[in-house]
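This report concerns only the one structure given below.
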Amino acid sequence: MDEMTLEEKVAQLDQYAGWNIKNYKENPDLLNNWGVGSWVVSTLSAEEYNELQALSEKTRLKIPFLIGSDAAHGLAQMPGRTIFPTSISQAATFNPELVNRIAMAASKEIRASGVHWTFAPSIDVVHDARWGRTGETYGECPFLTSTLVRQAIRGYQGHKNIQDRVAACVKHLVGGGRSIGGVNHATAEISERMLRSFFLPPFQAAIEENIMTVMPGHNDINGIPAHSNKWLLTDIMRDELGFKGFYVTDMSDIENLIKLHRTATDQKDAVCQGMLAGLDVHMYSSSTDAFITPLLELVKEGKVPQSRIDEAVSKVLKVKFELGLFENRYVKTGLPYGTPEAHQLALDAARESIILLKNADNLLPLDKKKYKKILVTGPNADNQSILGDWTFTQPDDNVTTIYEGIREYVGTDIEVVYSNSGRLKGKKSDVSVNTTDPDLQKLSLQEGGELNNYAIADATEKARLCDLAIIAVGGYGIRSEWGLRTYGESADRPSIDFYGKQEELVRSIAATGTPVIVVIVNGKPLNNEWITNHIPSIVDVWEPGMFGGRALAEILFGEVNPSGRLPITIPKSAGHVPQYYYQTKSRYLTGYGLGSSREDDKPAFPFGFGLSYTTFEYGKPQLNDTVLTAGLPLEVTVNVTNTGNRAGAETVQCYIQDEVSSVVTPLMLLKGFQKVWLEPGETKMVKISIPFNEFGLWNENMKYVVEPGGFTIMIGSSSADIKYKKHIEYHHL
């Protein structure tokens, strides 16, 4: 830093776009000999990354570039890469070790491509099921999110080989999952107690794992934009929680202080507000006018101190050193990706993430011998929706769709009939007139048109000739088809019901009397009350990645026993939002009992829920003591037995309740869990350790304390299925 001019320091805090690489290769003077700190990219080859990196050696000090990309579950914007299940699906596994392995495998492919930095994982805690970005997160639970983000960071950043490390970026600080109306960018009204109790713990966990970078959110919190919130960025995150990495803005959020939040008069004012609040790196600029020039002026005018620049630059350079860029800024070309080991991990993760929501009369698992002809239909039956958000359309041979997975699994044993249902949202078609002509409706479907009456009639007619119908419905979030999505960034909906004519499709097929299995592909909670109440078997696959079709087929036919559990509550309707599991007792005092029914107090499916093809029995839990000891964990042990005739996995969940507290606290909060695999008849002892601090609360003076008194320890298979309760006391000395 002693060698750097002010201009070179400020340039390290700016970011340019890799999709404009041609401009910079042809006009290297655009870098002004100062360089630039980092680049945001999406779909460059390793060779192109090296060409980009070569520009850094044309600057005076030859400081290497930091190159970042949204590689949220593998480098899924590039063709042929290993595409793992998204974060919401990873959370559904309730398997922290698996999350760690996914991040480790993904980081190797990310780094081998020339990228050093992933803008992931997203650790927004989601309270509003309408929010389109839910699939990027680990769901609604602060404890589950905190547990999983630790493992993800270790997977990305913890490689012994420095050339395999990828800087992680936890986002979005904070409250996007509680935005008004579930709308991306909207205000989040969150009290300080709620913020500290439920939204900040995952960020604290990330800081404790030495997270390298953090991204603030698009939203404001109680009227203060996250990108200019000194109390949040500096006072809490840095001074209180000890964050030592650097902040990077979200896309255009310095500019949004002007045009969206209207708290800044112009670009210079916006840059000043952000830097004084604690921001470090600006995403992104098309010229020096966006960030470098106004910041230089602000420093020279004394409005932003030189010490603030030095602090930010030191953090950026430290990350570059920690990633080994000064030793080797280039990547070897031709490195392998999509290895058999990575593909096997993606398949294993998909198998563990899929959730069986309903199985009336044990329709599942399917017996091959029982069926001669199966219909597969629905708008998500034979497309790449299973890949999820932050994915660009892939080569066909890199994805096993639901239809392909079923057809390949049954081989010649069962005839699989397909009916094209079109898309959730239709592509533009030459067939643009509203017509009932079946030939034109069929042509519209073939051209990528929306699910229409012809498709419903065709599927219904074919269902009458089949022994079983599997209907793939839900949502669509492939990012490269921006306008065709029904969820994702800035694709929020005021409903959690299925888009378009999907209910009509399911109703029409069910009316034939043919047994129906509904498969839901989604990146946010979806529920249709008629389907939930009337369809015998419902499987929620969320966003299982490239092998989602194969994993689903294995589960449908019983080769794999489903073990996924819901990481987020599924409400019955948007009118039940917010409906996260850690409510206070007052939520249920009057509830909806007089206005409609006590049944409306219950969700469609609760947090932690998921069915299996086998059954489990819990023994009485044991505690290591009857009294909590300050500073020491509580050890909870319970025997779990597989009482069925199939091997399977059970996720034992431990919740606590503060029985009497100085401030209002939830009826339950998850504080421990363990997934255990059991053979038929096998018993294993599950041991869950709850750290002493997990019994604390933020009191009326906003101090975090463990108050004396009684606590209820609850052991169960979901938040709505508590098997046993135990009482324990804490006596403050």
Side-chain angles (χ1 to χ4, degrees), residues 88-89 129 132 134-135 354-359 363-364 374-388 401-406 418-426 445 448-460 462-463 466 468-478 484-488 491 493 495-512 514-544 548-549 552-553 555-556 570 572-574 604-605:
I88 196 70
S89 282
T134 300
I354 293 173
I355 305 168
L356 179 59
L357 290 181
K358 185 178 179 183
N359 194 26
L363 176 59
L364 295 173
I374 293 177
L375 171 68
V376 177
T377 191
N380 282 334
D382 196 28
N383 63 17
Q384 297 191 8
S385 57
I386 55 174
L387 297 178
T401 70
I402 288 172
Y403 168 60
E404 290 170 345
I406 294 169
Y418 176 67
S419 178
N420 181 11
S421 292
R423 304 175 62 102
L424 292 179
K425 283 186 176 181
L445 293 176
E450 197 163 301
L451 171 63
N452 61 28
N453 292 334
Y454 172 84
I456 294 172
D458 183 72
T460 304
K462 289 175 178 175
C466 292
L468 178 75
I470 299 172
I471 311 172
V473 296
Y476 190 80
I478 301 297
L484 302 180
R485 301 169 305 138
T486 62
Y487 69 88
R493 290 180 59 222
S495 169
I496 65 167
D497 206 338
F498 298 129
Y499 182 91
K501 293 179 175 289
Q502 295 184 86
E503 180 187 334
E504 290 95 316
L505 173 68
V506 176
R507 277 179 176 262
S508 183
I509 293 174
T512 67
T514 300
V516 171
I517 298 168
V518 165
V519 176
I520 305 172
V521 181
N522 54 320
K524 69 170 190 173
L526 294 175
N527 186 63
N528 174 276
E529 293 194 68
W530 188 91
I531 290 174
T532 297
N533 292 333
H534 293 91
I535 298 302
S537 290
I538 303 173
V539 183
D540 200 335
V541 302
W542 290 97
E543 301 170 306
L552 172 65
I555 286 174
L556 292 178
I570 299 181
K572 291 178 180 176
S573 70
F605 301 100

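All figures in this text were calculated on a predicted structure; none of them were measured in a lab.
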**Q.** Listed partners of E404 passing side-chain contact (heavy atoms from CB on, under 4.5 Å), at least two apart
**A.**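 For E404 the side-chain contact (heavy atoms from CB on, under 4.5 Å) partners, ignoring immediate neighbours, are D382, T400, T401, R407, E408.
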Q: Not counting sequence neighbours, which residues clear side-chain contact (heavy atoms from CB on, under 4.5 Å) with A510? List them please.
A: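 Here the qualifying residues are V516, W530, I535.
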Q | From CA spacing to verdict: side-chain contact (heavy atoms from CB on, under 4.5 Å), I354, D540 | A | CA-CA 6 Å; I354 293 173; D540 200 335; over 6 Å; no
For the [atom1] atom of [X] and the [atom2] atom of [Y], what is their distance to the nearest 0.5 Å?
| X | Y | atom1 | atom2 | value |
| --- | --- | --- | --- | --- |
| S385 | I402 | OG | CD1 | 6.0 Å |
| N452 | E504 | CG | CD | 11.5 Å |
| S537 | L357 | OG | CG | 10.5 Å |
| I520 | F498 | CD1 | CZ | 4.0 Å |
| L375 | I470 | CG | CD1 | 8.5 Å |
| E450 | K501 | CD | NZ | 9.0 Å |

Is there side-chain contact between [X] and [Y], with heavy atoms separated by less than 4.5 Å?
| X | Y | value |
| --- | --- | --- |
| N359 | P536 | no |
| N380 | V473 | no |
| I456 | I509 | no |
| C466 | I374 | no |
| T377 | Y418 | no |
| K524 | R493 | yes |
| W542 | N522 | yes |
| V539 | V518 | no |

Identify the heavy atoms of [X] and [Y] that sit nearest to each other, and give their distance.
| X | Y | value |
| --- | --- | --- |
| L364 | L556 | CD2-O, 3.7 Å |
| D458 | S419 | OD2-OG, 2.7 Å |
| K572 | A604 | CG-N, 3.6 Å |
| G388 | I478 | O-CD1, 3.7 Å |
| A463 | T512 | CB-OG1, 4.1 Å |
| L505 | A459 | CD1-CB, 3.9 Å |

So, does [X] use its side chain to make a donor-acceptor pair with the main chain of [Y] at under 3.5 Å?
| X | Y | value |
| --- | --- | --- |
| K358 | T532 | yes |
| K425 | R485 | yes |
| T486 | Y476 | yes |

(Q) Ignoring hydrogens and geometry beyond distance, is a side-chain donor-acceptor pair present between Y487 and E543 at under 3.5 Å? (A)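 E543 and Y487 do have a side-chain donor-acceptor pair below 3.5 Å.
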Q: Examine the side chains of D497 and S495 and answer whether a donor and an acceptor come within less than 3.5 Å of each other.
A: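 Note: D497 and S495 side chains miss the donor-acceptor criterion.
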Q | Residues V519, L552; criterion side-chain contact (heavy atoms from CB on, under 4.5 Å); working and verdict | A | CA-CA 9 Å; V519 176; L552 172 65; 3.8 Å; yes
Q: Run through I517, L356, I531, N527 and flag the one making a side chain to side chain contact (heavy atoms under 4.5 Å, CB included) with I538.
A: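 Testing each of I517, L356, I531, N527 against I538, the sole residue satisfying side chain to side chain contact (heavy atoms under 4.5 Å, CB included) is I531.
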Q.
Under the criterion side-chain contact (heavy atoms from CB on, under 4.5 Å), I'd like the reasoning laid out for N383 against R423: C-alpha separation, chi angles, the key distance, then a yes or no.
A. CA-CA 9 Å; N383 63 17; R423 304 175 62 102; 5.9 Å; no
